[in-house]
Amino acid sequence: MRDFNEITATEGVLKSFDSIENKRVKVLMGSIVKHLHEVVKETEPTFEEWLKAIEFLTRTGQKCDERRQEFILFSDVLGISMLIDTINNRKNNNETESTVLGPFHAPAPDIRFGDNIAHHVKGEKCLVKGKVSDINGKVIPDAIVDVWQSGPDGLYDVQKENNVVDLRGKMKTNNNGEYFFKTVKPQFYPVPTDGPVGEILNLMGRHPFRPAHIHFMIKAEGYVDLTTHVFIDGDPYLDSDTVFAVKESLIRKLNDAIDLDDNTQCKELTFDIILEKKI
Ligand code: BEZ
Ligand code: FE
């Protein structure tokens, strides 16, 4: 290309992709360049603005390590993670909807029906139960239900220095497809704000909060793996989740209940799960 100007720029760069053999790389690179050129033409950034953007991305990379993925968090707060999740988990029937995995999944201890997963935190006791079935209501025994949540302080165990495993558990559904565990009531919490993503949320005038939820990952033979959350009805952040992960179908009420093991008052939440058959 010898004649680079505002009119020829995009076509010129796209032409340089002619020899890309990998069709998918060609499609992705072509689309990225087309859209990025559009952004530049539309907004006409100054050199200072462009450098600020480069510095932001550099700091985002520098913030990443084995425990922290600031680029994924950036993708989360722009709704990109949720868009990719939704596109890759289109549902045809009444299957339970998916939502983001998030950065806090970790190996969980095996638990049995009715076990408590809250060992090192104090909070309002909550019984969580449900049934795993297919779209026709056929129950699925032996499905693996992996759950994790933050504590009343808004932190996951992996965010603490003490290496204690808490508020997570992995169980199998019983012969009736049921699961049941005890925990503490989840609380809304902020995504990590001590990095570049926190800065940009601030710059945009956005809060960093996620509504209260419990994460679920469900696997069963012959069915598509499901990664989702259950959200608590009435949470103040349901309409402004900073990672856009709320789906109406995943919101459940916390009802008053009695823990029959010790006759104490507590809360109860029922979250039935419908899995999609593998084809
Ligand atoms: C979470 O729910 O654990 C989460 C999801 C996205 C970003 C940060 C946290
Ligand atoms: Fe979470």
Side-chain angles (χ1 to χ4, degrees), residues 59-61 63-89 96-108 117-118 120-121 123 126 128 145-160 164-170 181 183-202 204 206-218 225-252 254 269 271 273:
R59 281 184 288 112
T60 301
K63 193 76 188 168
C64 297
D65 58 27
E66 317 75 56
R67 296 177 67 156
R68 177 86 178 246
Q69 231 307 345
E70 194 76 357
F71 272 116
I72 296 184
L73 187 58
F74 190 32
S75 152
D76 294 341
V77 301
L78 296 182
I80 295 169
S81 308
M82 265 314 283
L83 192 53
I84 292 174
D85 183 82
T86 303
I87 287 169
N88 282 279
N89 287 292
T96 302
E97 291 191 281
S98 64
T99 193
V100 281
L101 171 67
F104 302 123
H105 181 251
I117 62 165
H120 301 276
V121 290
C126 182
V128 183
V145 179
D146 188 355
V147 298
W148 67 105
Q149 67 171 88
S150 64
D153 56 0
L155 293 172
Y156 286 81
D157 56 0
V158 292
Q159 291 176 288
K160 299 179 185 173
V164 163
V165 176
D166 202 16
L167 293 169
R168 53 184 81 238
K170 204 179 203 177
F181 62 95
T183 183
V184 290
K185 183 178 162 227
Q187 172 70 301
F188 58 78
Y189 67 84
V191 298
T193 54
D194 58 339
V197 173
E199 272 171 51
I200 207 135
L201 282 174
N202 209 14
M204 294 190 291
R206 274 177 50 188
H207 71 70
F209 290 99
R210 299 221 52 217
H213 58 271
I214 303 175
H215 292 260
F216 280 72
M217 192 187 275
I218 302 111
D225 294 352
L226 174 70
T227 300
T228 193
H229 310 352
V230 62
F231 293 94
I232 310 301
D233 195 22
D235 187 282
Y237 294 106
L238 279 174
D239 291 312
S240 63
D241 183 357
T242 201
V243 304
F244 305 95
V246 178
K247 291 179 176 171
E248 187 72 36
S249 70
L250 302 176
I251 303 172
R252 293 291 180 279
L254 265 191
L269 180 160
F271 183 45
I273 290 156

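In what follows, residues are counted from 1 in the order of the sequence shown. We count ligands from 1, going down the list as the structure has it; atoms in each ligand are counted the same way.
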Once you restrict both partners to nitrogen or oxygen, which atoms of ligand 1 have a protein partner under 3.5 Å, and how far apart are they?
residue, atom, partner, partner atom, Å
ligand 1, 2 (O), Y189, OH, 2.7
ligand 1, 2 (O), R210, NH1, 2.5
ligand 1, 2 (O), H213, NE2, 3.1
ligand 1, 2 (O), H215, NE2, 3.0
ligand 1, 3 (O), Y156, OH, 3.3
ligand 1, 3 (O), Y189, OH, 2.9
ligand 1, 3 (O), H215, NE2, 3.1

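Within the model, atoms CD1 of I273 and CG of L226 stand 7.0 Å from one another, a figure rounded to the nearest 0.5 Å.
Atoms of the protein (N, O or S only) found under 2.8 Å from the Fe ion (ligand 2) are Y156 OH, Y189 OH, H213 NE2, H215 NE2.
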**salt bridge (Lys or Arg N to Asp or Glu O under 4.0 Å) evaluation trace for R68 with D194** = CA-CA 11 Å; R68 177 86 178 246; D194 58 339; 2.9 Å; yes
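Aromatic ring pairs are classed by plane angle as parallel below 30°, tilted from 30° to 60° and perpendicular above 60°; the pair H229 and F231 is tilted. F209 and Y237 have parallel rings, their planes meeting at less than 30° on a 0 to 90° scale where 60° marks the start of perpendicular.
Across all non-hydrogen atoms, the minimal contact from L73 to P192 is CD2-O, 3.5 Å.
Between the side chains of H105 and Y156, no donor-acceptor pair is found at a separation under 3.5 Å.
For the side chain to side chain donor-acceptor pair (under 3.5 Å) with S81, the lone residue among T86, T99, D76 that qualifies is D76.
In this structure, the ring of H207 has its center no less than 6.0 angstrom from the ring center of F188.
Within 6.0 Å of the NZ atom in K247, the count of heavy atoms belonging to other residues, nucleotides or ligands exceeds 12.
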